[in-house]
Amino acid sequence: MKEMNNPKWVPQLLAWYDVNKRDLPWRDCGDPYKVWVSEVMSQQTRIEAMKPYYDNWMRLFPTLEELAKATEDEVVHAWQGLGYYSRARNLRLGVQDVVNNYGGVVPHNRKDMESLKGVGSYTAGAVLSMAYGEPEVAVDGNVLRIYARLYGIFDDILGTKGKKAITAIVEDTLPHDRPGDFNQALMDFGSAVCIPKTPRCGECPIVNTCYAYQHNVTDQLPVRIKKTKVVDVPIFVGILSYGDYYLLHKRPNRGLLRSMWEFPSVENADSYDAAESGLTELVGALGFGLSLQPVIVKELTHVFSHRKWFMKAFRGDLQYTGDHTSIETIQTQLPKDWMLIKREEFADYAWAGPHGKLTELCPIVE
DNA sequence: AAAGCGGGGTT
DNA sequence: AACCCAGCTTT
């Protein structure tokens, strides 16, 4: 085994953790499934935001086997509102892999762990160290920030070079007697003391060995260079009803908010008239005529990581242009990615982000 | 190496 | 309005 460097800040951080650690339901439970779920839910997400989802998830899918049996629609529905829905789909696939090919036992080594869907370098290290006590690092945004400051790393921590440089130091400083506690100590420390904007150096237990503090460059570290451009997208939305039923569309099985339900919409239309003809064409292909009311009933803006929706919602009434027939018959004749449902059934489906907020414009049916 | 993928709290 | 969060996958 490689010789381990154990600088004095490591036991100091562990001592801080022993006093200040957060009490979290998946912590110190020794259950790799619970740790796995919590780690995936935490990706790019604050702990406070995912906690209620975690509790609900464990009620719905308490074990690997229960989750493996669930449908994709069920897991996405349980994930609704949390974002990055591929996490839910991949978690289900990864768990199925473990049940089918690993005898239901989460792997104990990094190679097998990282082969599971949705499990990357960070999540593998987190699960292995926290659930099994394996000496594996878990390098996330907190760790990159903390080490950049502690060791004066001026490489871009979002780039490959910076991440590799820091990972090498983390591997060198990982205490093999308490790897799980150490990784979690870095998370809690990064969330409470060594925070992104203005680090609380006044209450930091390891300032005496911090490069950024000693050299007075805490305002320069870490270096993060990001270049995401947010594209503006105007969207006209039709809240279209046929009697007590609303017409909904399932987004395609690729791209943003894939396979989630939305009200019929037209992107990038530059006028009401263009939107009206777009919606008329959509429902026309289903056998409906449309009377759209030219009054905006709701206007809202929704920001994603790489685009921004400017939504204008209108009401409309549908007329069936085919032979007079029952609602049940019309429903069966619709393509798979369209449906007519009542307001009271809305809660049974996963809504495409901001479309869920438009449901409040629909009358309550008791 | 860069882009795609959500939503919400903080500054 | 910018920043950033217990990142991973696809291109």
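Here is the naming used below: chain letters follow the sequence lines, and residue numbers restart at 1 for every chain.
- Separating the CZ atom of Arg254(A) from the C1' atom of dG4(B) is a distance of 14 Å, rounded to the nearest angstrom.
- More than 12 heavy atoms of other residues, nucleotides or ligands shown are found within 6.0 angstrom of CG on Asp232(A).
- Summarising the geometry, the separation between CG on Leu82(A) and P on dG6(B) is reported as 11 Å, rounded to the nearest angstrom.
- Near-neighbour residues of DNA chain C inside residues 49-79 of chain A, defined by a heavy atom below 4.0 Å, are absent.
- Near DNA chain C, meaning a heavy atom under 4.0 Å away, the residues from residues 19-48 of chain A are Arg22(A), Leu24(A), Trp26(A), Arg27(A), Glu39(A), Ser42(A), Gln43(A), Gln44(A), Arg46(A), Ile47(A).
- Distances from the side chain of Lys197(A) to the nucleotides dC5(B), dA1(B), dT11(B) place dT11(B) closest.
- Using modelled atom types, one finds a donor on one side chain and an acceptor on the other under 3.5 Å when comparing Thr329(A) with Ser326(A).
- A donor-acceptor pair shorter than 3.5 Å cannot be found between the side chains of Arg178(A) and Ser129(A).
- In this structure, the NZ atom of Lys229(A) is 8 Å from the C1' atom of dA3(B), given to the nearest Å.
- If you find the closest nucleotide of DNA chain C to Gly118(A) and to Gly190(A), the one lying nearer the 5' end belongs to Gly190(A).
- Between Tyr320(A) and Phe288(A), the angle of the ring planes goes over 60°, which puts this pair in the perpendicular group of the 30/60° scheme.
- We find that CE of Met311(A) is positioned 11 Å from P of dG7(B), with the value rounded to whole Å.
- Contacts of Ser86(A) with the nucleic acid, taken as non-hydrogen atoms under 4.0 Å apart, are absent.
- Nucleotides dC5(B) and dC4(C) are separated by 22 Å at their P atoms, to the nearest Å.
- Counting only N and O atoms by type, the side chains of Thr45(A) and Tyr53(A) include no donor and acceptor under 3.5 Å apart.
- Nucleotides of DNA chain C with any atom under 4.0 Å from a heavy atom of chain A span, from 5' to 3', dC3(C) to dT9(C).
- No engagement by Gly159(A) is indicated, since no non-hydrogen atom pair under 4.0 Å with the nucleic acid exists.
- Between dT11(C) and dG6(B), the two P atoms lie 15 Å apart (nearest whole Å).
- Across the protein-nucleic acid pair, Gln80(A) atom CD and dG7(B) atom C1' stand 12 Å apart, rounded to whole Å.
- In this model, no donor atom of one side chain and acceptor atom of the other lie less than 3.5 Å apart for Tyr242(A) and Gln319(A).
- A straight line from CG of Leu158(A) to C1' of dA1(B) spans 13 Å, rounded to a whole angstrom.
- Taking atom OH of residue Tyr84(A) and atom P of nucleotide dG4(B), one finds them 12 Å apart after rounding to whole Å.
- Rounded to whole Å, the separation between the C1' atoms of dA6(C) and dA3(B) comes to 23 Å.
- Between Phe263(A) and Trp351(A), the ring planes are tilted. Angles from 30° to 60° get that label.
- Ring centroid separation for the pair Trp309(A) and His302(A) does not come in under the 6.0 Å cut-off.
- No side-chain N or O of Ser291(A) forms a donor-acceptor pair with one of Asp317(A) less than 3.5 Å apart.
- Thr123(A) comes within contact range of the sugar-phosphate backbone alone, with a heavy-atom separation under 4.0 Å but no base atom that close.
- Side-chain contact annotation: Arg315(A) with Ser241(A), donor-acceptor N/O pair under 3.5 Å absent.
- For His306(A), no side-chain nitrogen or oxygen approaches OP1 or OP2 of dG4(B) to under 4.0 Å.
- Judged purely by distance below 3.5 Å, without hydrogens or angles, the side chains of Gln184(A) and Arg27(A) pair a donor atom with an acceptor atom.
- Nearer the 5' end of DNA chain B, as judged by each residue's closest nucleotide, is the contact made by Lys161(A), out of Trp351(A) and Lys161(A).
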- Query: Given Arg258(A) and Ser86(A), is the side-chain hydrogen bond (donor to acceptor under 3.5 Å, both in side chains) satisfied, shown in steps?
  - Reply: CA-CA 9 Å; Arg258(A) 68 177 147 117; Ser86(A) 288; 3.3 Å; yes
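- Using a 30° and 60° split on the angle between ring planes, Tyr147(A) and Tyr151(A) fall in the parallel class, below 30°.
- The separation between Phe304(A) atom CZ and dC5(B) atom P is 10 Å, rounded to whole Å.
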